[in-house]
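Below: the structure, in structure tokens.
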Amino acid sequence: MGAYNHKEIERKWQGFWSENETYKVDNKAGKPKYYVLDMFPYPSGAGLHVGHPLGYIASDIYSRYKRLKGYNVLHPMGFDSFGLPAEQYAIQTGQHPAVTTENNITRYISQLKNLGFSYDWSREVRTSDPSYYRWTQWIFAQLFNSWYNRNTDKAEPIEDLILIFEKEGNGSINACCDDDTPIFSANEWRAFSGEEKHALTLKYRMTYVAEATVNWCAGLGSVLSNDEVKDGVSERGGFPVEQKLMRQWMMRITAYAQRLLDGLDTVEWTDSLKEQQRNWIGRSVGAMVRFELEKPVDGKDNFVEVFTTRVDTIYGVTFMVLAPEHELVAKITTAEQRADVEQYIENAKKRSERDRMSDVKTVSGAFTGAYVLNPLNSEKIPVFIADYVLAGYGTGAVMAVPSGDQRDWNFARHFDLPVIQILDAQKDIENEADATKEGRYVNSGMIDGMTFAEATQALISWLEEKQVGNGKVNYRLRDAVFSRQRYWGEPVPVYFKNGLPYLLEDEDLPLELPVVDKYLPTATGEPPLGRAENWQNHVDGNSYNYELSTMPGWAGSSWYWYRYMDPHNTEAFASKEAISYWQDVDLYIGGTEHATGHLLYSRFWNKFMKDRGFVIKEEPFKKLINQGMIQGRSSFVYRVKSDNYSRPVFVSAGLKPAYDVTPLHVDVNIVTNDVLDVEAFKLSRPDIAGENAEFVLEDGKYICGVEVEKMSKSKFNVVNPDDIVDKYGADTLRIYEMFLGPLEQAKPWNTNGIDGTFRFLRKLWRLFYNDTEQWVVTDAEPSKEELKVLHKTIKKIEADIEGFSFNTAVSSLMVCVNELGSLKCHKKAVLSELVVLISPYAPHIAEELWAVLGNQPGTVSDATFPQWEPQYVIDDVFEYPVQINGKVRTSLSFAVDADPKSIEAEVLANETVQKWMEGKPARKVIVVPKRIVNVVI
RNA sequence: GCGGGCGUGGCGGAACUGGUAGACGUGCUAGACUUAGGAUCUAGUGCCGCAAGGCGUGGGGGUUCGAUUCCCUCCGCCCGUACCA
């Protein structure tokens, strides 16, 4: 073997791993299990850029490390292959999304294999594969066949609910169901027709059809979930989104609101991510209060109900505000106010979601002419409508307390309504609201003189006793819309009979996507599946239409980690044995952008499956790490503004202040250390810099300007991992990506430092082969010094890896190789442990060196992680003063390569002190963690 | 507004529980080898100063023998979220 040849080595070992299925893993016990999961990618047409593998590299390093530590590691990869881009592409080109998806996956796999990941490729899954989505449909069926029992706080089979209906009706059932569910007795139930019964159970199921206000995106021709909408436009494509009432499949995620919240305390995720989920679920503790209408409408609706978190402020209520969409608005508005109110509602409708959000400052509203009575003191309270009150939260109505809430205060000031002080600690309420809970109540009837806690308690008891209110926990979380009016998704396994949905039989799954002539909505505005011929279920000689919408992108990704456990099972989504062996994901690595989407839905489905006994764990992902995004680092050239296009002039970045220039993106691949390759630039961009272009240089170089932006083609800042692998090798890329900075931090890609990493691997190589490419490894006994270097490194690497501090781990490896190099250490005993240490980071070179050291080829991943042994070597003794009982004394401090609490360490410390003191006795040796400090006179 | 996090050389970043700040890499400087260097190797490199020495972890204050680390305060930046009653 000659000099380090990354191409040859990587080709050789990737081939070996593939042929020998080195990383195939069995579901068998005997070793403790460890499950390392990457968020599987959507296979986009653009392929991978260097930012994508960051998390995969980290998870691969950890997987390989755990394997060396003796675990049976499951580390799979697959593809979230249903999605919008493939479908948009299909609309434009007519190509079936399955075809483009297949091509993209092939490309992804080859790119991933190029990086030397230890995936068990035999377990690969694709969500768009019928053998996979058959089980997504099956889970949908289980949801359809379940209801949520609030008493047991679990999802249970729908048959159990029907048994209760038959025995006692639904009057005393504590379940999650639709608001409009009528109450019926057992007798009434038995008298219902089969269809009526079915219709009633639909109100209880975990998934149900409802008329719901949804985010309709005309640009995409589909409904979007809340987490797919950002700033009033679609996350994908950036099309405007409007609110629209549509008939949709819904998922009763709200049943799990509290459990989703509680579960967060049991998982090791970052605080910020847990906090994002908590905010999304949005639990608030407060009270429902009924305000009686002064003039009841149609004898039925005689009150307005509000939700408040500050029931203690109820004596400060001076008006009430309803959302413009509130159902009572039309009924209570008086004749003389009707024109005003209708005008306001009309205007509110016209304002887009976006305008409404950006225009928070302007106060607007309209008086309905109606009044309600404060239940505490029977004060007459005017009722307004305003769009600062949202129909979708609470009851869509608020009791306004201008002295305690700034929005209410603004509204009161605008409409000249009174502001009543309610707490003696409130300050300056003439000029702004003061939301304090300090002090004692004033102007507050029965709670005068009380504190916040006392008042809240007293009021809730009073309200409950008088039956005009009650304590209540409210959540912001809404049930999830589950329908998408698109083609490239899982068909919903449901057909309709007399307008009611029925499940397909199990044996009819999968319900495969039909062929369609175009991937667009039909002429009548139905989803693309409306184009499929004979898209019907044939039962008992009749034909019933299938559901036309498909499932959302999150369906397939909400359970995929179970499929990896047993990917080829045709009897179940995974066998009981596989599930009870692998249980849950020990380490999950992925981006933080899935905080309120995938990560929430997955937890929801997992809890559901746990309730129904299909899986074991309440939480699917024990530990979660969010890798930071790798941004692009764009390079710019500066063209001097001029009309002479035939002879453009470009100035180097340092000189541009002297000119009037236009910055232009330049391809980062022809820029090295910010220096532009001028000739390559001329050749690649004849459109802007032809033969005649002139370059004003600094120190003979053209320096480019730099800006950090998202990595994208249009910014010419995309770096393809294939190019890096070709030039430096996968091992270098892997190490360099880890070396860039802390895993969780966002950072711009910068190829500048990569040579240093490459040099490191060559230095490593030179510990085995000298400059003339001769083998120099010997069997000699390592010296004390050499062992110290090795064991210091083992200790450090282990601590760093356990703490996911891969950047400092890599640094330590570099130090180790440098030190062994300057010690001229070519000893087999040391080098074979070093190779194992390096193997998670640079598996190809490690495998090669492992083999040339005389080990069985291809077994470095089965080696044992070296054990750190204390070396009892002390250096770097230094003095510092310490104050003991008011007297300043001198103290010695030094690092010990040993457990500082061990006897050996103490003996060594004493010896060192003796030497330092030249024989005089030390007064006392104090052992402290990490150092041994000796206090002397 | 609210929530989470951050602020250290020219740059990316180290410093574990308060104990030699700036590891490691890059960049820069000098030297060696060389027809050449955008290859390789060696040495130096926080700032000021010829030096002795002084100053240094966003600003100010505090605790401590000792503070990048703990406390108070101000400033700045990033991420998430938002008329949530």
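Each chain gets a letter, A, B and so on, in the order the sequences are listed, and its residues count up from 1. Scope of the values below: all heavy atoms of this structure, side chains included, with no hydrogens, waters or symmetry mates.
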- Can you tell me how far P of rC78(B) sits from CD of E744(A), to the nearest Å? 21 Å

- Message: Between rG22(B) and rC55(B), how many Å separate the two C1' atoms, rounded to a whole number?
- Response: 15 Å

- Task: Looking at every strand, decide which applies to S272(A) at a 4.0 Å heavy-atom threshold: base, sugar-phosphate, or nothing.
- Result: sugar-phosphate

- So which nucleotide does rA36(B) pair with, by the Watson-Crick or G-U wobble rule with both distances under 3.5 Å? none

- Message: Using whole Å, what does the distance between atom C1' of nucleotide rU26(B) and atom CZ of R633(A) come to?
- Response: 11 Å

- Query: Is there a side-chain polar atom (N or O) of Q745(A) under 4.0 Å from OP1 or OP2 of rG13(B)?
  - Reply: yes

- Query: Are D726(A) and K7(A) close enough for a salt bridge, meaning some N to O gap below 4.0 Å?
  - Reply: yes

- Please work out if N750(A) contacts a base, only the sugar-phosphate, or nothing of the nucleic acid, heavy-atom cut-off 4.0 Å. nothing

- Could you check which of rG25(B), rU40(B), rC84(B) has an atom nearest any side-chain atom of K763(A)? rG25(B)

- Comparing nearest nucleotides in RNA chain B, the 5'-proximal residue of the pair A397(A), E275(A) is E275(A)

- Give a yes/no on whether any side-chain N or O of N818(A) is located under 4.0 angstrom from OP1 or OP2 of rA23(B). no

- Query: Of the nucleotides rC84(B), rG5(B), rA14(B), which one has an atom closest to the side chain of D271(A)?
  - Reply: rG5(B)

- Which whole-number value in Å describes the distance from I385(A) CD1 to rC83(B) C1'? 16 Å

- For rG9(B), does the O4'-C1'-N9-C4 (purine) or O4'-C1'-N1-C2 (pyrimidine) torsion place it in syn, i.e. within 90° of 0, or in anti? syn

- Task: For the side chain of P742(A), starting at C-beta, report the closest nucleotide among rC24(B), rC83(B), rA14(B).
- Result: rA14(B)

- If we call it a pair only when both distances are under 3.5 Å in a Watson-Crick or G-U wobble match, what pairs with rA43(B)? rU29(B)

- Item | Paired nucleotide for rG12(B) [Watson-Crick or G-U wobble; both distances under 3.5 Å] | rC24(B)

- Task: Answer yes if the side chains of T254(A) and Y475(A) hold a donor-acceptor pair under 3.5 Å, and no otherwise.
- Result: no

- Mate of rG7(B) across any strand shown (Watson-Crick or G-U wobble, both atom pairs under 3.5 Å) is rC75(B)

- Message: Taking the C1' atom in each of rA85(B) and rC72(B), what is the distance between them to the nearest angstrom?
- Response: 34 Å

- Query: Rounding to a whole Å, what distance do you find between N279(A):CG and rG3(B):C1'?
  - Reply: 6 Å

- Query: With a 4.0 Å cut-off on heavy atoms, is Q406(A) in touch with a base, just the backbone sugar-phosphate, or nothing at all?
  - Reply: nothing

- Query: To the nearest Å, how far apart are F758(A) CZ and rA39(B) P?
  - Reply: 12 Å

- C1'-based separation of rU17(B) from rC70(B) [nearest Å]: 12 Å

- Query: Any Lys/Arg nitrogen of D755(A) or K727(A) sitting under 4.0 Å from an Asp/Glu carboxylate oxygen of the other?
  - Reply: no

- Options rG25(B), rU26(B), rA85(B), nucleotide nearest the side-chain atoms of N752(A): rU26(B)

- Task: Identify whether any heavy atom of R478(A) sits under 4.0 Å from a base atom; if not, whether one sits that close to sugar-phosphate; answer base, sugar-phosphate or nothing.
- Result: nothing

- Query: Expressed in whole Å, how much space separates the P atoms belonging to rU68(B) and rG56(B)?
  - Reply: 10 Å

- For the residue pair F411(A) and F384(A), is the inter-centroid distance of their aromatic rings smaller than 6.0 Å? yes

- Query: Quick one: which of rC84(B), rA14(B), rA85(B) gets closest to the side chain of R407(A)?
  - Reply: rC84(B)

- Item | Ring-face cation contact, F303(A) with R290(A), 6.0 Å cut, 45° max | yes

- Message: If you compare every side-chain N and O of N807(A) against the phosphate oxygens of rC24(B) (OP1, OP2), does one of them come in below 4.0 Å?
- Response: no

- What is the nucleic acid contact for R283(A), judged by heavy atoms within less than 4.0 Å: base, sugar-phosphate only, or nothing? nothing

- Would you indicate what P748(A) reaches in the nucleic acid, counting non-hydrogen atoms under 4.0 angstrom: base, sugar-phosphate, or nothing? nothing

- Respond yes when some side-chain nitrogen or oxygen of R766(A) is under 4.0 Å from OP1 or OP2 of rU40(B), and no when none is. no

- How far does the C1' atom of rG25(B) sit from the matching atom of rU45(B), given to the nearest Å? 14 Å

- Query: Rounded to whole angstroms, how far apart are CD on E305(A) and C1' on rA85(B)?
  - Reply: 14 Å

- Message: Could you check, using the six-membered ring where one of them is a Trp, whether W765(A) and F760(A) have ring centers closer than 6.0 angstrom?
- Response: no

- Aromatic plane relationship, Y736(A) with W749(A) - under 30° parallel, 30 to 60° tilted, over 60° perpendicular: perpendicular

- Task: Between rC11(B) and rC47(B), how far apart are the P atoms? Round to whole Å, please.
- Result: 11 Å

- Item | Of T592(A) and K796(A), the one whose closest RNA chain B nucleotide lies more 5' | K796(A)

- Message: What's the closest nucleotide to the side chain of T808(A) if the choices are rC83(B), rG25(B), rA15(B)?
- Response: rA15(B)

- Using the P atom in both, what is the distance from rU8(B) to rG59(B), to the nearest Å? 10 Å

- Now, which nucleotide makes the Watson-Crick or G-U wobble pair with rG80(B), with each of the two distances under 3.5 Å? rC2(B)

- Task: Take atom CD1 of I754(A) and atom C1' of rG12(B), then tell me their distance rounded to the nearest Å.
- Result: 14 Å

- Integer angstrom distance from the C1' of rA36(B) to that of rA32(B): 16 Å

- Within the structure shown, what part of the strands sits under 4.0 Å from R759(A) by heavy-atom distance: base, sugar-phosphate, or nothing? sugar-phosphate

- Looking only at side chains, do E709(A) and S634(A) share a donor and an acceptor under 3.5 Å apart? yes

- Message: Under a 4.0 Å threshold between the charged nitrogen and the carboxylate oxygen, would K796(A) count as salt-bridged to D800(A)?
- Response: yes

- Round to a whole Å and report the spacing from CG of L322(A) to P of rC83(B). 19 Å

- Nucleotide nearest R476(A) (side chain, heavy atoms from C-beta), chosen from rA82(B), rA85(B), rA23(B): rA82(B)

- Task: Under a 3.5 Å limit for both distances, which nucleotide forms a Watson-Crick or G-U wobble pair with rC65(B), could you say?
- Result: rG19(B)

